[in-house]
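To find a chain, count down the sequence lines: A is the first, B the second, and so on, and within it residues start at 1.
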Amino acid sequence: MIITALLVINLAAAAVLAFMGDRKLAPELNIAGSAATFAASLALAVRVHDEGPFVAGGGFFFVDAFNVYLAVLTAFVSMTTAVFSRRYMAHERRHGKIGHKGMRFYHAMFQLFIFAMLLALLTNNIGVLWIAMELATLSTVLLVSLYRTPPAVEAAWKYFILCGVGIAQALFGTVLLYFAAEKIFGEGSNGLLWTNLSAAAGSLEPTVLSIAFIFLMVGYGTKVGLVPLHNWLPDAHSEGPTPISAVLSGLLLNVALYALVRCKVLVDGATHSHKAGYIMMVFGLLSVLVAAFSLLRQKDVKRMFAYSSIEHMGIATFAFGLGGPVATFGALLHMLVHSLTKSSIFFTVGHAAQMHSTQDISRIGGLVKGNPLVGWGLMFGVAAIAGMPPFGVFTSEFLILTALIKDAPYFVPLFLLGIAVAFAALFRRVIPMVFGDAPSWQKPIKASHMPVLVHMGLALGLGLYLPGFLSEWFHMAVEMLVK
Amino acid sequence: MTVSFAAQINSVLAALILLASFGLLVQRRIYGLLHIFAWQGLLLSISAAVVGYSAGLHHLYISAALTLSLKVIALPYILYVLIHRLKIHREVEEVVRIPTTMLIGIALVVFSYHLTAPITELSDLVTRSTLAVALATIMLGLLMMITRKKAVTQIIGFLAMENGLFFAATSATYGMPLVVELGVALDILIAAFIFGIFFFQIRTTFDTLDLKAMERLKEEE
């Protein structure tokens, strides 16, 4: 019941906004739709908290601690992004970057995108999970090319083709999973239901599942943005409108990683080995290192933070691969705090780019003087994402590092090198942007402060104190993931 | 129809599908590509129907009908209209190093047989031997997307990959559950509209559908 409401709100909002996307109250309606979704997701969370995991809709939906926290996070960040995009997109509209049709399209597709992600999170059917992931790509492709500049069209085409190809591999992996499941469950949808599969994981054919995992890893790994499958990500983040960069980075990557981890649980259960984990560790560590060194030579501010997202998704993937209760707990927390911090950074960066009419790092300066909240918001955001205490990212990275020292000490130097290089690269670029004198081309803008304040407050709060219900959920999710 | 007879027909169809994939790899004319693509779809649809008949599974008839309407009629028609409107039907694409491409293609087929060998051993379906062909079709579609530099041909490669996926589903498992089949078909249809819009966006921003023009976004030093 709640799940249906949760999904229908987005679809209805998308349909209504497709008709009135550029009217006066459209941004407010966009916010209202997202807020209603957030309320519904909270209701769902309360139910999971009280009753534990449950299956609904004749087995079609499955909600447990792992996906409910991501669903709440998705609904929350989409709500704050909708708030941010009201002023941001109005500015873009005034400056003629986007027209009447563009606005309508933007609003409708934003809601459809949120719908696709929530469907991917809540469905129990791994086939539907694939369909929803593909839908999430398709709904954002034309948003990336919204400004119709040559680089934007190129970025969108790259995104469309690379993710299309990648996700096709994931479908092949899903077919192989179904092939293994069919032997136990017979024909029909039963063989694709995650709850059935995980219950019977021990009797699934290990050879088939190992091969399937390679395809799933490549497929969903492309969407997570893991090196060497990451090429679409910096382009799509730098050329699309900033609210879209924020939700791509903060939410879509998480959902893709979620899909991968769900599949990993099945493969682990079938093969009784750590093979899938090793593959994820290699991809994860490679992403951390390559992204950290790529950060050093970025000139475009949004592109730089896109690489930072690759780094952090690499950390989370690495931690899930490492396995064990501590690392998995750290990975779950990392997905949460990275999402909050990174979307907040994109909000401030978006405003900074509007103030200077450019995304070129060397032409942005004196943010603290121009707009203190944007300036300090960016500074604290970067401190948080680089892993400075007392922010949440520090806690999660510290947990992962502790587990790493215990379980696989030979990886510690490489892991620390990646984090240190990223730290240095980010600060070297960001300090000149934030402090110093404001350049003559800087113009004041109407910024939306609320989303930044709320996100940074939460990122700080989660670093200082983890609420009881949240750690309880994480423990439940860890129990499910580490068998 | 006996089971072995159905298996033989299916093998012949698989061979023809693989042949069509190689045809796509070397065909230079845009209408030629479209025809081969439609033929491949038709073969797929027949294969699904044959498997459905011999195994007595009626949901495969729906899959076959879906393939027929989507991949033999709708998608080629959409592409035909787009090509006509964009006035690129006379264009002949330069395909470099055909022999090398063919050799890589053959290597991919061998690789597919090697990779799927342990899986095929486990199966008792009449269609099991064709799983390798399905994977090869996916790989060859991928190869086509890498070697071609025009937007329309890349899309045809992309759709050929989808054909391979569908074939994998029918040959390894007698088709995915209907919910999934329908969802995938819907996704492909949405994708078709998106690339339709894309062709026009690329044309208006770059004055050409040649992707060589798209080289702005690179890592700068």
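- Between chain B and the options A/Leu142, A/Asn190, A/Ile161, the largest number of non-hydrogen pairs under 4.5 Å is found for A/Leu142.
- For A/Ala180, no part lies under 4.5 angstrom from a heavy atom of chain B.
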For this session: Go through the steps for B/Leu211 and A/Trp157 under the test side-chain contact (heavy atoms from CB on, under 4.5 Å), then give the verdict.
Result: CA-CA 10 Å; B/Leu211 300 177; A/Trp157 179 258; 3.5 Å; yes

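- Note on B/Leu186, B/Ile155, B/Val179, B/Leu135: by heavy-atom pairs under 4.5 Å with chain A, the leading option is B/Leu135.
- If you measure heavy-atom distances from A/Leu138 to chain B, the contacts under 4.5 Å come from both the backbone and the side chain.
- Using a 4.5 Å cut-off between heavy atoms, A/Ile211 touches chain B through its side chain atoms alone.
- Summarising the geometry of B/Gly175 relative to A/Tyr178, their closest heavy-atom pair is O-CE2, 3.5 Å, with the distance given to 0.1 Å.
- Neither the backbone nor the side chain of B/Leu178 comes within contact range of chain A; no heavy atom of the residue lies under 4.5 Å from a heavy atom of that chain.
- Taking CE from B/Met145 and CG from A/Leu162, the interatomic distance works out to 8.0 Å, rounded to the nearest 0.5 Å.
- For A/Leu176, the part lying under 4.5 angstrom from a heavy atom of chain B is the side chain only.
- Contact count against chain B (heavy-atom pairs under 4.5 Å) is highest for A/Val165 among A/Thr207, A/Val165, A/Ile214, A/Val208.
- For the set A/Asn231, A/Val153, A/Thr149, the entry with the most heavy-atom pairs within less than 4.5 Å of chain B is A/Val153.
- Between the CD atom of A/Gln169 and the CG atom of B/Leu165 there is a distance of 7.5 Å, given to the nearest 0.5 Å.
- With sequence neighbours left out, A/Thr174 forms a side-chain hydrogen bond (donor to acceptor under 3.5 Å, both in side chains) with no residue at all.
- Not counting sequence neighbours, the partners of A/Arg262 by the salt bridge (Lys or Arg N to Asp or Glu O under 4.0 Å) test are A/Asp64.
- Within the 4.5 angstrom heavy-atom criterion, only side-chain atoms of A/Asn125, from C-beta onward, approach chain B.
- Residues of residues 193-205 of chain B lying within less than 4.5 angstrom of chain A, judged on heavy atoms, are B/Ile194, B/Phe195, B/Ile197, B/Phe198, B/Phe199, B/Gln201, B/Ile202, B/Thr205 in numerical order.
- Contacts between B/Ile119 and chain A at a heavy-atom distance below 4.5 Å involve backbone atoms as well as side-chain atoms.
- Taking the salt bridge (Lys or Arg N to Asp or Glu O under 4.0 Å) definition, one finds that A/Lys97 meets it with A/Glu92, sequence neighbours left out.
- Contacts of B/Ala134 with chain A are absent, with no heavy-atom separation under 4.5 Å from either backbone or side chain.
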For this session: Decide yes or no on side-chain contact (heavy atoms from CB on, under 4.5 Å) for A/Trp130 and B/Val180, but give the supporting numbers first.
Result: CA-CA 9 Å; A/Trp130 183 89; B/Val180 180; over 6 Å; no

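- Both the backbone and the side chain of B/Met176 come within contact range of chain A, with heavy atoms under 4.5 Å apart.
- In this structure, the portions of A/Phe172 lying under 4.5 Å from any heavy atom of chain B include both its backbone and its side chain.
- One distance of note links CE of A/Met133 with CG of B/Asp187; it measures 11.5 Å at 0.5 Å rounding.
- A/Val175 and B/Ala169 get closest at one heavy-atom pair: CG1-CA, 3.9 Å.
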Problem set entry | Derivation and outcome, side-chain contact (heavy atoms from CB on, under 4.5 Å), residues A/Phe215 and B/Leu115 | CA-CA 12 Å; A/Phe215 285 96; B/Leu115 192 70; 3.7 Å; yes

